[in-house]
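Here the structure is laid out as structure tokens; the discussion comes afterwards.
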Amino acid sequence: MKALVLSAGVRPAGYSLPRQIVPIANKPVLEYVVENLRDVGVTEIGIVVGDDRGGQEISELFGDGSYLGVSITYIQQDVPLGVAHCVRIARPFLGDDDFVLYLGENVLVEGIGQIADEFARLRPSAQVLVDKVEDPRLYGVAEVDENSRVTRLIEHPQEPRSDLALIGVYFFTPAIHAAVDAIEPSWRGEFEITDALQWLVTHERDVRARMYSGFWKDTGRVEDVLECNRELLMGLRGDIQGIVDDESSLIGDVVVEEGARVVRSCIVGPAIIGAGTLVEESIIGPYTSIGADCRIVESGLADSIVLNEASVHNVSGIETSLIGRGARVGSARQHRLVVGDGAHVDVAA
């Protein structure tokens with residue numbers, strides 16, 4: 001089996017990083033995707049990237065994939081014409097193999113092992129992951145019978161007849177290629193994977209749905225990134241590779257990476273301090289990830305993400321915030337912040 005990972009898409013507001021490589025618990029979102037695929041034995045991975053700087057950043061970060069134990073092929077999508085279009089342009093890579101299609105901004109914390117095993121055992125034409133959601137109008141939606149067979153699919157329905165949303169992981173046999181070739185663009189101007197799946201259903205192919213019981217999140221919004229950060233940090237185990245002085249205290253599971261220094265500070269886990277970072281005379285609360293080469297001085301942070309090379313000085317009470325690469329934040333008030341890459345923010349009254 002091969003994998004096709006979709007990583008052409010928009011960036012979070014104010015950030016130069018594609019959302020697929022925004023670090024969560026100090027690891028890019030896309031790395032969690034690759035690890036989930038590798039853990040079910042998929043090592044040939046095609047990553048669809050856009051024709052922009054974001055695609056170059058992704059390829060520079062992951063290279064050929066060898067450091068993660070996989071082989072990565074990059075497939076360029078010049079114009080964003082939808083998920084099914086990605087399958088179409090990836091046909092030379094996919095050949096006639098079964099494959100898993102994985103949206104690269106999705107985090108599935110418990111992996112996809114059971115679903116992959118079920119697909120291999122039953123081998124329907126397609127198997128989709130679904131979960132119940134509060135507002136199905138925001139998703140592709142599946143209607144399913146008592147035997148878990150999909151009877152109807154529709155993208156962003158205005159009057160949903162089901163609350164089962166497609167959550168961005170699909171298993172396919174080569175039967176999907178005929179479906180992708182047969183469909184026309186939707187009202188959104190895109191080749192929808194839901195339309196291709198519906199084509200299979202209409203032509204009496206076996207399309208099955210599998211409920212995902214673990215934590216998952218599309219990381220397209222800042223609040224979703226922070227929620228994923230909390231969830232992933234809950235699985236953290238303490239590890240001190242850097243320097244923690246005698247005047248500092250670590251409570252709970254805290255990772256201090258190599259080259260990091262904690263000076264006259266208190267850190268409450270779960271939390272992670274990136275390589276080369278200085279935390280001095282500060283209080284770091286739980287569910288906080290601080291990237292590499294940052295400076296946190298005379299400040300307090302909790303439930304936040306600080307990206308590489310950012311600095312925070314003399315700011316108390318930062319919570320539920322995302323601070324971008326190389327950003328500079330200073331002053332002394334309580335704040336919930338979203339600070340873009342390279343920004344300089346003085347938040348004093």
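Just so you know, these numbers use all the heavy atoms, side chains as well, and skip hydrogens, waters and symmetry mates. Computed from a predicted model, the values in this text were never measured in an experiment.
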For the backbone of [Y] and the side chain of [X], can you confirm whether one donor and one acceptor N or O come within less than 3.5 Å of each other?
| X | Y | value |
| --- | --- | --- |
| Ser162 | Ala142 | yes |
| Tyr212 | Val169 | no |
| Arg230 | Met234 | no |
| Arg88 | Val180 | yes |
| Ser66 | Asp64 | no |
| Thr288 | Asp303 | yes |
| Thr277 | Cys294 | yes |
| Asp253 | Gly269 | no |
| His313 | Val297 | no |
| Glu257 | Ala275 | yes |

Pair Thr151-Val144, side chain to side chain contact (heavy atoms under 4.5 Å, CB included): steps then yes or no: CA-CA 6 Å; Thr151 59; Val144 180; over 6 Å; no

Would you say [X] has more than 12 foreign heavy atoms packed within less than 6.0 Å of its [atom1]?
| X | atom1 | value |
| --- | --- | --- |
| Ile283 | CD1 | no |
| Glu258 | CD | no |
| Arg295 | CZ | no |
| Arg261 | CZ | no |
| Gln114 | CD | no |

Side chains of Val150 and Glu143: closer than 4.5 Å at any heavy-atom pair? no

What is the distance from atom [atom1] of [X] to atom [atom2] of [Y], rounded to the nearest 0.5 Å?
| X | Y | atom1 | atom2 | answer |
| --- | --- | --- | --- | --- |
| Tyr170 | Thr194 | OH | OG1 | 7.5 Å |
| Leu68 | Ile45 | CG | CD1 | 8.5 Å |
| Ile323 | Ser311 | CD1 | OG | 9.0 Å |
| Leu226 | Ser321 | CG | OG | 7.5 Å |
| Asp224 | Asn106 | CG | CG | 10.0 Å |

Exercise: do [X] and [Y] side chains pair donor with acceptor under 3.5 Å:
| X | Y | result |
| --- | --- | --- |
| Asn229 | Glu227 | no |
| Glu60 | Gln56 | yes |
| His85 | Glu190 | no |
| Gln20 | Ser7 | no |
| Thr202 | Gln198 | yes |
| Trp216 | Asp131 | yes |
| Ser186 | Glu192 | yes |

Under a 4.0 Å N-O cut-off, is there an ion pair linking [X] with [Y]?
| X | Y | value |
| --- | --- | --- |
| Asp98 | Lys2 | no |
| Glu159 | Arg137 | no |
| Asp239 | Arg237 | no |
| Glu309 | Arg325 | no |
| Asp246 | Arg264 | no |

Working note: Tyr32 + Thr219, criterion side chain to side chain contact (heavy atoms under 4.5 Å, CB included); need CA distance, chi angles, decisive distance, verdict. CA-CA 12 Å; Tyr32 293 106; Thr219 58; over 6 Å; no

Given the rule in the side chain to side chain contact (heavy atoms under 4.5 Å, CB included) test, do Glu298 and Glu280 qualify, once you have shown the distances and angles that lead to the verdict? CA-CA 6 Å; Glu298 298 177 348; Glu280 184 175 9; over 6 Å; no

